[in-house]
Amino acid sequence: MNLLIAGTIGLDDIKTPFGKVESVLGGSSIYASLAASFFGPCGLISIAGQDLPSGSTTMLQKRGIDLKGLEMSDKTFRWSGSYEFDMNEAKTLKTELNSLQGFNPKLPENYQQCKAVLLGNIDPIVQLKILDQVKGDPFLVTDTMNYWIESQPKQLRKVLARSDVVVINEGEARQLFNTPNLIVAGRELLALGPKYGIVKKGEHGALLFSEHKYFSAPGYPLAELKDPTGCGDSFAGGLIGYLTKTNDFSESNLRRAIIYGSIVASFCAEEFGTGYINNIKLNDIKERYDAIKEICKF
Ligand code: AMP
């Protein structure tokens, strides 16, 4: 297995100014693995309960997502969130950890050697347990969110220090480094140990920090978006999916991967939940890639 993707599987209740849905399939590993599946197969590491909607596992397998690393328990993780007109920030109304509590991932043997790992948003203790079972030195991308910044700051810093790339959104970067300035936050992120830091700015793109360089990627200009849930996870999944497919983990390819990640995230925002997944093909992603090239020309 070349690519591993870890994170939560959730049942989400989501409310945005454009509608609401209840108990829909979500979670960081779902959004990320679906985004990566446009570029190639991956192995999923997560836990879900018997209340998972029927057809979920078949849908994932059909997209080349291997489920040997999926554990089944009693009750699926649940999250409920809402958005105001500023759709860049979700307000968490409820988090029920359920099966996530005490999750002790065991990596199947054929997952232990891989080229790349995405430690999606999940408890940093779980992220560390996965990392300790991976052999060799795969390219490691880590994502997190405010819930874990607040509840597990020490463990989280250990994961960040071992990562090649840390992906974080702008609000969380300000929170983690106690600064309003994203340039300062980006530099402080690098000081924790990763080779690259990426600060996501919602619909307005992302900033890439490395030791000597800085890159600013625009977001794809969407006039209509319905639900940004999962955009951050889709960004990370699209990014690592592209890096793994091209087998090129250089800084210049990471810039292209950021653009691909942003584009998959833009499609994700156009539908509630994972609804976009059957509507688009890799060619649609490529069309937006060319459009972004035009936007950046000056
Ligand atoms: P995003 O909008 O990319 O930040 O991700 C939204 C997804 O993250 C939803 O599908 C939730 O189920 C999931 N989620 C919410 N809270 C957490 C949490 N504390 N840890 C991991 N995943 C979460």
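Just follow the structure's listing: the first ligand is 1, and inside any ligand the first atom is 1. Note: hydrogens, waters and symmetry copies are ignored here, and every other heavy atom, side chains too, is used.
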Name the one of Phe38, Tyr260, Tyr289, Phe249 that satisfies ring pair (Phe, Tyr, Trp, His ring centres under 6.0 Å) with Tyr242? Tyr260

Heteroatom proximity flag, Thr8 to ligand 1, N/O under 3.5 Å: yes

Nearest-contact summary for atom 13 (C) of ligand 1 - protein heavy atom, Å: Gly27 CA, 4.0 Å

Mark the output for Gly230 as yes if a heavy-atom distance to ligand 1 is under 4.0 Å, and as no if none is. yes

Residues in side chain to side chain donor-acceptor pair (under 3.5 Å) with Glu294, at least two apart? Lys297

Are Ile125 and Ile149 connected in a single hydrophobic cluster, I mean Ile/Leu/Val/Met/Phe/Trp/Tyr linked by side-chain heavy atoms less than 4.5 Å apart? no

Tell me the protein heavy atom at minimum distance from atom 11 (C) of ligand 1, and give that distance in Å. Asp12 OD1, 3.6 Å

Identity and distance of the protein heavy atom lying nearest atom 21 (C) of ligand 1: Asn121 O, 3.1 Å

Audit row: Glu251, Lys213, salt bridge (Lys or Arg N to Asp or Glu O under 4.0 Å) steps and yes/no: CA-CA 9 Å; Glu251 184 163 347; Lys213 291 190 180 165; 5.4 Å; no

Going by the atom numbers of ligand 1, which of them fall below 4.0 Å from some non-hydrogen atom of Gly232? 3 (O)

Identify, by atom number and element, the atoms of ligand 1 in contact range of Gly26, meaning under 4.0 Å from any of its heavy atoms. 10 (O)

Identify the protein heavy atom lying closest to atom 20 (N) of ligand 1, giving its residue, its atom name and the separation to 0.1 Å. Trp148 NE1, 2.9 Å

Would you confirm whether the ring centroid of Phe209 sits within less than 6.0 angstrom of the ring centroid of Tyr196? no

N/O of Phe77 under 3.5 Å from N/O of ligand 1, yes or no? no

What protein heavy atom sits nearest atom 17 (C) of ligand 1, and how far off is it? Met145 SD, 3.4 Å

Return the closest protein heavy atom for atom 4 (O) of ligand 1 as residue, atom name and distance. Asp233 OD2, 4.4 Å

Per-atom contacts, ligand 1 versus Tyr31 - under 4.0 Å to a heavy atom: 10 (O)

